[in-house]
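Structure, as C-alpha cells:
Read the numbers this way: they start at 1 and go in the same order the structure lists the ligands and their atoms.
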Amino acid sequence: MHNKTLIELSRALHQRECSSVELTRYFLERIKTHDTQLNSFITQTPELALAQAQAADERLNNGTAQPLTGIPIAHKDIFCTQGVKTSCGSKMLDNFIAPYNATVVEKCQAAGMVMLGKTNMDEFAMGSSNETSFYGPVKNPWDTQTVPGGSSGGGAAAVAARLTPIATGTDTGGSIRQPASLCGITGFKPTYGRVSRYGMIAFASSLDQGGPLGRSAEDVALLLNVITGFDERDSTSLEHPQEDYTAHLNDSIEGLKIGLPKEYFSEGIDAGVGNALETAIKEFEQAGATLHDIHLPHSHLAIPVYYIIAPAECSSNLSRYDGVRFGHRCEQPQDLMDLYKRSRGEGFGPEVKRRIMIGTYALSAGYYDAYYLKAQQIRRLISKDFTQAFEQVDVILGPTSPTTAFKIGEKIDDPVTMYLSDINTISVNLAGLPALSIPAGFAEQRPVGLQLIGNYLKEAQLLNIAHQYQQRTDWHQQQPPQFQ
Ligand code: GLN
C-alpha cells in the first residue's frame, strides 16, 4: 500500500478497492510504528484525519470526488492549520493554535485530501539540516545517523520512509530541494508567486515559496495542480491561468537543450555526487537531449547576497513575535521592555537570533546602502545570468547539493559551512525561478539529487523532463531498507 503512486492510490479509492478511512488508518499506523526513529512529525492529527477521510469517502461515493480526494498528506508546520498547533519548529509558537488555514492547506482540504499531521522543520525554516528545530532533529531514513536536510526535513523524511504518500514544504533558499536530494525523493519549488504565501509563516517574503515533496515527478505534478493558483490574499501572487501539470509528462525530450553551468560542477562537489550526475547526464543524452556548457558568472555571490537579504527580511518579519499578541510570553515581566526582551530571548533559538541580529544590522541607518541595497543590486545580476542562459538553453542541470547527507552534529557549530549546503539552490530563489530536485543515484548508499532549473513558469516543462528521466531510471523507486 505505501509504495503505491498517487495515481494508483487515486484509482484504488475511486474504484472503491479501499476506503480513505482504511488508507488513512494504514498511514497513521506507519507513523506510529516508525516515527519514533525519525521524529519527522511535530504534531499528528489522527482524529481530524479520520474525520476528513470519512468526508472524503462520502465524496467518493456520491461522485463529487477530485483526483486526490481521500489521499493522505502531511503539511510542513509552517502552514497555518485552523485549530491545530502551528509551531514553525519554534518554542516561540509552541503554544500557537492557528485561527485560520493557509491557502495551501485550504486548497488541499477543498480537494478532499486528508491531513495526517504537521511535519518537523528547522526553526522558522532557517537551516539546512533540521537541527535547529525546537522539537529536536529529524533523522534521515537512509541512515539515521545523518541529517535529512532542511528546512523541510520532516516532510522529506516522512515521504522517503513512506509515512505519507506526499507532503508540502517551503523553499526560501533550497528548503524543498536540498532535503529532497538528501532523502532521495522529488521536491519542487515553483516560480515565485505561483503558490500562495497566505498563511505560510513568513521567513524572507521575497524568497519564500511553497511546493510539493513527493516520490516522483508525476506525484508532484498532481499536488501542484491542487496548490497553485492566484490568491488575492497574497499581494505577490501571480495572475496566471490554471494549468494541468500532468498534461505534458509524456512529451518527448528529443532536441531539448540542457545547460551545464561550469560553476555547479567545480570544486566543493563530492566525487560520488559528481559521478552520479555524470551517469544521469548520459541518460538525458540518450533520451535525445543535447548538452551545452554555460556560465552563471555571479553564482559565487549568491550565498553572501542571500545572507544579507534573507536575514534582513526575517528581522522585519519576526518582529511581530513580541510576547504581546500571540506566541511565547515570559513569566512575570517587570515592564514592557523586559517583556519584549525575555519573551524573544526565551522564544527564539540561536540560529534565529543570529539572523535577526545580522538583518537588523544590515538594515540599520547608515548601513542600508552598503549592505541591503548592494545585495539587491547583485541579486539583479544573478537573475540576469539566468535570463542570458535561457537565451541559449531550455533548462539548466546540476547537482542539487554538493554533498550527500552529512552526520547529525557535523556542521551545526559551523554556520558558514552549513550555509554552503545551499550553494546550488539559493540563486534560484534570488531569481524567483522554478526548479526541482530528483533522485539520481547513490554515493556510499546515500541518495544523490539532481537539480533542474527552468525559466519562469516552465513548471510543466521541468516536470516533463523529470518524468522522462524517471521513466528511464528507478532511483525514485528505491526505498530506505529500514523502512520497507
Ligand atoms: N538553508 C537556507 C537557510 O538556512 C534555506 C532555508 C530555506 O529554504 N527555508 O536559510
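- Of the residues Ile396, Ile294, Leu430, Asn455, the one that meets the side chain to side chain contact (heavy atoms under 4.5 Å, CB included) test with Phe386 is Ile396.
- Aromatic ring centres of Tyr321 and Phe124: separated by under 6.0 Å.
- Applying the ring pair (Phe, Tyr, Trp, His ring centres under 6.0 Å) test to pairs two or more places apart or on separate chains, none has a residue in residues 214-244.
- Applying the side chain to side chain donor-acceptor pair (under 3.5 Å) rule to His300 yields no partners; only residues at least two apart in sequence or on another chain are considered.
- With sequence neighbours left out, Asp77 forms a side chain to side chain donor-acceptor pair (under 3.5 Å) with Ser87, Lys118.
- Under 4.0 Å from any atom of ligand 1, one finds heavy atoms of residues Ala125, Met126, Gly127, Ser128, Ser151, Asp171, Thr172, Gly173, Gly174, Ser175, Phe203, Tyr306, Tyr307, Arg355, Asp422.
- Glu131 and Ser129 share a side-chain donor-acceptor pair at under 3.5 Å.
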